[in-house]
Structure formats: C-alpha cells, structure tokens
Amino acid sequence: MKYLIFGGTGFVGHHFKHFFEKSGISSFKILDINPTVSKDFINCDIRKKIILDFDVSPDDIIINLAAVHRTPGHPSHEYFETNIKGAENICAFAELHGINKIVFTSSIAPYGASEDKKFEDTLPTPNIPYGISKLVSEYIHKNWQIKNPIDRKLIIARPGVVFGQHENGNYTRLYNALKKGFFFYPGRKDTIKACIYVKDLVRSLYEMVNHEKPGVHTYNFTYEPAPTIEQICLAMHKTTGVKKPKIKVPPLVLNSAAKSFSLFNNPFGIHPDRIKKLMISTNISGKKLKDSDFKPQFSLEEALTDWYQVNKGTGLY
C-alpha cells in the first residue's frame, strides 16, 4: 500500500511528506508538475491522462492536493482547466486501478461570500471561479465514490486558511506586518477568519482516510469557534512578542485607496479584491471536526507557539 500525493510539492504536501517520514511511513509518492529534489518525486500533470511507470495497487490511497488556488491571481480558465480537469483525471486513474480511498482537499470558497455561519450542509453559493471549480471538483469525486458506495471512501476537506512553517502566505505576511508595526485593522476588528494549523490538517486527514467507514465524509477544517482577526493578532502578540495593532482604517478609506491604486497600475500591490476579502468574514463552523475523533490537537495559540519554536524563535515563516 502506498500514499499517492498529487500536488505533493506544495505547502500541505511538504507537511504530509514530513508527517509520513516522522511516522515511519516510507511508502509514498509525490506527484506534481513542479519538480522537487526527492527520491519519491514523479513528474505528473493532472490536466492530462495520468499514466505512471510504477506499480499501482488497489490498496493505494490517493491524496489529491493539486490545484490552482491563489485568488485573485489567475485567469478564470486556469482554475477550471487544472482543478476540474485534474479531478476528472485523478478519479479516472483511481477507477482504472481499483483504488477505493481518496482524500480531496477542497476549500471554503464554495460557500461563497457572506457573514452567515456555514456548516457542511449549507447550500454552496460560490461567487468566484476558484470556488466554482472546487465545488464542481467535489461533485466529480462524489460521482466516483457513488459508483461503488460499499467499498469506496471519500474524505472531502474544506479548510479555512491553512497556516504553518513554509506557508509563505497570509499568516507570514501578517506576522511581518505586525513585527514592523505596519498592520492596521481593515475596517473592523471582529472579522471572522476560519483557519487551521497545517499539522492538524495533515494528521486529521491521515486518520480519517484510515479510520472512517466507506462513504463520503465532508469536514470543515477550522477552529471552533473560528477566531476573529483581532484574536489572531493578539495570539501572535502573545506567542511571538510582535506589536499589537492599534489602528482601524474605515472601509470607505480602504475602498477609495484600492480604487485609486488600480488606476495607477497598483504601485503598492494592493488589489481591490483582496481589500474586500479582508473585510468579509469567513464564518465557517468547525463543530463537526471538533466533535469528531479527528479534532485538532493544537489551539490557535498552541499552534503559533509550536510554529515559532520550530523556527527556534526567529519568526513565523
């Protein structure tokens, strides 16, 4: 039995590899279009029919992390070509080889943008190409599972912001801004931002795919309750010693600045859509995960402390 990690050279894939190595699991393959220095790496473009030059067993487990995900940042067609076509090709590959276990990392983007709290059974209303592509990909995976519902197991993960070592994303940018004293609250302090520590995401998915019964299991991956931007900033202050933010900039000022920057080729790299995202909550319920046997082991503060200690107190990166 092997773990086949599609999209395995990315942030979450890196942590899966580390988790497997730390757990003494040596039977895994990293499949990605982006090369990496690893004896386990195999070049694979999921936009094309997947043909591999090693033995594939029905007992193998697929972990599908592959996606175009940065938003905004890509033309709409790239989300559809990679995420939807990739889902089709991976499920066809599983079908061909009789594989019965798939982990699919979706997103909270299919829920759409609103302040209402979302649960796993909330009607999805995606409003951006990325969210649409992820929702369609979920249905492609579900269609694979329903062809053999007695034997096939599908874990669908809908994570909020995933943070941790080597993320080079939202939390690292926030930490650096706080450290320099440049961060301000964008419009409000109570914006809810669903999030999860990468170590908890990886461990939970590993346990789910090995211990859940056959069927479709969809989980939101976030703390319960999901923290506000103020709680995240204060947790970073407490665990790393960075400065507390004090300034709150009114939404009207932010929107006006974003529109002005867009007229002058955006000299400060401020995208109007990113400004909007900062001011809208991702109010996602993590209750199902919290009440399960696969709950997070780290609180928000414990996760930030662990990350900071892994980097020997030099920062969050």
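Nothing here was measured: the structure is a model prediction, and the numbers come from that model. Heavy-atom basis, side chains included; hydrogens, waters and symmetry copies ignored.
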(request) Write down the atom of A226, the atom of A194, and the distance for their closest heavy-atom approach. (result) CB-CA, 3.8 Å
(request) Sort out for me which residue in R203, Q165, E167 forms a side-chain contact (heavy atoms from CB on, under 4.5 Å) with H15. (result) Q165
(message) Measuring from atom CD1 of I155 to atom CD1 of I62, what distance do you get when rounded to the nearest 0.5 angstrom?
(response) 13.5 Å
(message) Is the ring pair F93/F6 parallel, tilted or perpendicular, if the boundaries are 30 and 60 degrees?
(response) perpendicular
(request) Say whether V209 and I25 are linked into one hydrophobic cluster, either directly or through other cluster members, by side-chain heavy-atom distances under 4.5 angstrom. (result) yes
(request) Could you check E115 against I280 for side chain to side chain contact (heavy atoms under 4.5 Å, CB included), going step by step and ending with a plain yes or no? (result) CA-CA 7 Å; E115 294 290 321; I280 298 175; 3.9 Å; yes
(request) Could you walk me through whether E224 and K117 pass salt bridge (Lys or Arg N to Asp or Glu O under 4.0 Å), step by step? (result) CA-CA 12 Å; E224 177 62 26; K117 193 162 189 176; 3.3 Å; yes
(request) Evaluate side chain to side chain contact (heavy atoms under 4.5 Å, CB included) for V198 paired with H14, printing each intermediate quantity in order. (result) CA-CA 10 Å; V198 66; H14 167 84; over 6 Å; no
(message) Side-chain heavy atoms nearer than 4.5 Å, only ILVMFWY residues, links allowed to pass through others: does that put W144 and I63 together?
(response) no
(message) Tell me whether T222 contacts the main-chain N or O of I196 through its side chain, where contact means a donor paired with an acceptor under 3.5 Å.
(response) no
(request) Give a yes or no answer on whether the side chain of N176 reaches the backbone of T172 with a donor-acceptor pair at less than 3.5 Å. (result) yes
(request) Give a yes or no on this: more than 12 heavy atoms of other residues, nucleotides or ligands lie within 6.0 Å of atom CG of D291. (result) yes
(message) Set out, in order, the CA-CA distance, both residues' side-chain angles and the distance that settles side chain to side chain contact (heavy atoms under 4.5 Å, CB included) for L316 and M236, then state yes or no.
(response) CA-CA 9 Å; L316 300 181; M236 280 197 179; 4.0 Å; yes
(request) Of all the heavy-atom pairs spanning S285 and E120, show the shortest one and how long it is. (result) O-OE2, 4.2 Å
(request) Please indicate whether K179 has more than 12 foreign heavy atoms, meaning atoms of other residues, nucleotides or ligands, lying under 6.0 Å from its NZ. (result) no
(message) If you count every heavy atom of other residues, nucleotides or ligands that lies below 6.0 Å from N43 atom CG, does the total exceed 12?
(response) yes
(message) Within the 3.5 Å criterion, strictly below it, is a donor on H211 or E207 matched to an acceptor on the partner's side chain?
(response) no
(request) Please report the C-alpha distance between I46 and L31 in whole Å, then the side-chain angles of each, then the deciding distance to 0.1 Å, and finally whether the side chain to side chain contact (heavy atoms under 4.5 Å, CB included) criterion is met. (result) CA-CA 9 Å; I46 62 168; L31 303 111; over 6 Å; no
(request) Please report the shortest heavy-atom distance between P149 and P214, naming the atom on each side. (result) O-CB, 4.1 Å
(request) Spell out, as yes or no, whether a donor-acceptor pair under 3.5 Å connects the side chain of E88 to the backbone of I140. (result) no
(request) Would you give the length of the straight line joining atom OG of S133 to atom NE2 of H74, rounded to the nearest 0.5 angstrom? (result) 11.0 Å
(request) For atom OH of Y317, decide whether the heavy atoms of other residues, nucleotides or ligands shown that lie under 6.0 angstrom number more than 12. (result) yes
(request) In sequence, state the C-alpha distance, the side-chain angles, and the governing distance for F183 and Y185, and then conclude on ring pair (Phe, Tyr, Trp, His ring centres under 6.0 Å). (result) CA-CA 7 Å; F183 180 80; Y185 289 112; 5.8 Å; yes
(message) Any donor-acceptor pair under 3.5 Å linking the side-chain atoms of E212 with those of Y219?
(response) yes
(request) Examine distances only and state if a side-chain atom of K246 and a backbone atom of K244 form a donor-acceptor pair shorter than 3.5 Å. (result) no
(request) Check the hydrophobic clustering (I, L, V, M, F, W, Y; side-chain heavy atoms under 4.5 Å; chains of links allowed) and say if F28 and M208 are grouped together. (result) yes
(message) Testing the 3.5 Å rule here: is there a donor-acceptor pair between the side chains of R173 and N170?
(response) yes
(request) Please say whether more than 12 non-hydrogen atoms of neighbouring residues, nucleotides or ligands are located less than 6.0 Å from NZ in K2. (result) yes
(request) Report the relative orientation of the aromatic rings in H141 and F104; use parallel for angles under 30°, tilted for 30 to 60°, perpendicular for over 60°. (result) parallel
(request) Quick one: pull up CD in Q145 and CD1 in I102 and give me the separation to the nearest 0.5 Å. (result) 9.5 Å
(message) Taking ring pair (Phe, Tyr, Trp, His ring centres under 6.0 Å) as the criterion, tell me which of F163, Y308, Y197 meets it with Y171.
(response) F163
(message) As a quick check of understanding, evaluate salt bridge (Lys or Arg N to Asp or Glu O under 4.0 Å) for E21 and K17, giving each step before the final call.
(response) CA-CA 6 Å; E21 291 173 342; K17 181 177 184 292; 2.6 Å; yes
(request) Ignoring hydrogens and angles, tell me if any N or O in the side chain of K134 forms a donor-acceptor pair with the backbone of T105 under 3.5 Å. (result) yes
(request) Kindly assign one of parallel, tilted or perpendicular to the pair F16 and F20, based on the angle between their ring planes and the thresholds 30° and 60°. (result) tilted
(message) Determine whether a donor-acceptor pair (N or O, by modelled atom type, separation under 3.5 Å) exists between the side chain of N220 and the backbone of G286.
(response) no
(message) Around atom NE2 of H69, are there more than 12 heavy atoms from other residues, nucleotides or ligands closer than 6.0 Å?
(response) no
(request) Say whether, by atom type as modelled, one donor and one acceptor occur between the side chain of S107 and the main chain of A109 under 3.5 angstrom. (result) yes
(message) Between L4 and L65, is there shared hydrophobic-cluster membership here, with clusters defined by ILVMFWY side-chain heavy atoms closer than 4.5 Å?
(response) no
(message) Nearest 0.5 Å, please: how far is SG in C195 from CG in L300?
(response) 5.5 Å
(request) Identify the heavy atoms of K153 and H217 that sit nearest to each other, and give their distance. (result) CG-CD2, 4.4 Å
(message) Checking the side chain of R152 only, and the main-chain atoms of K147 only, is there a donor and an acceptor separated by less than 3.5 Å?
(response) no
(request) Check for a donor-acceptor pair, side chain of S106 on one end and backbone N or O of R158 on the other, with a separation under 3.5 Å. (result) no
(request) Please confirm whether the backbone N or O of S57 pairs with a side-chain atom of D60, one donor and one acceptor, at under 3.5 Å? (result) yes
(message) With clusters defined by side-chain heavy atoms of hydrophobic residues (ILVMFWY) lying less than 4.5 Å apart, directly or transitively, does L205 cluster with V162?
(response) yes
(message) Is it true that, when you exclude L52 itself, more than 12 heavy atoms of the residues, nucleotides or ligands shown sit nearer than 6.0 Å to its CG?
(response) yes
(request) Taking all non-hydrogen atoms of both residues into account, name the closest pair between K243 and G181 and its distance. (result) CD-CA, 4.1 Å
(request) Compare every heavy atom of E138 with every heavy atom of P110, then report the nearest pair and how far apart it is. (result) CG-OE2, 4.2 Å
(request) Report yes or no: do T239 and E301 form a side-chain donor-acceptor pair below 3.5 Å? (result) no
(message) Around atom NZ of K295, are there more than 12 heavy atoms from other residues, nucleotides or ligands closer than 6.0 Å?
(response) yes
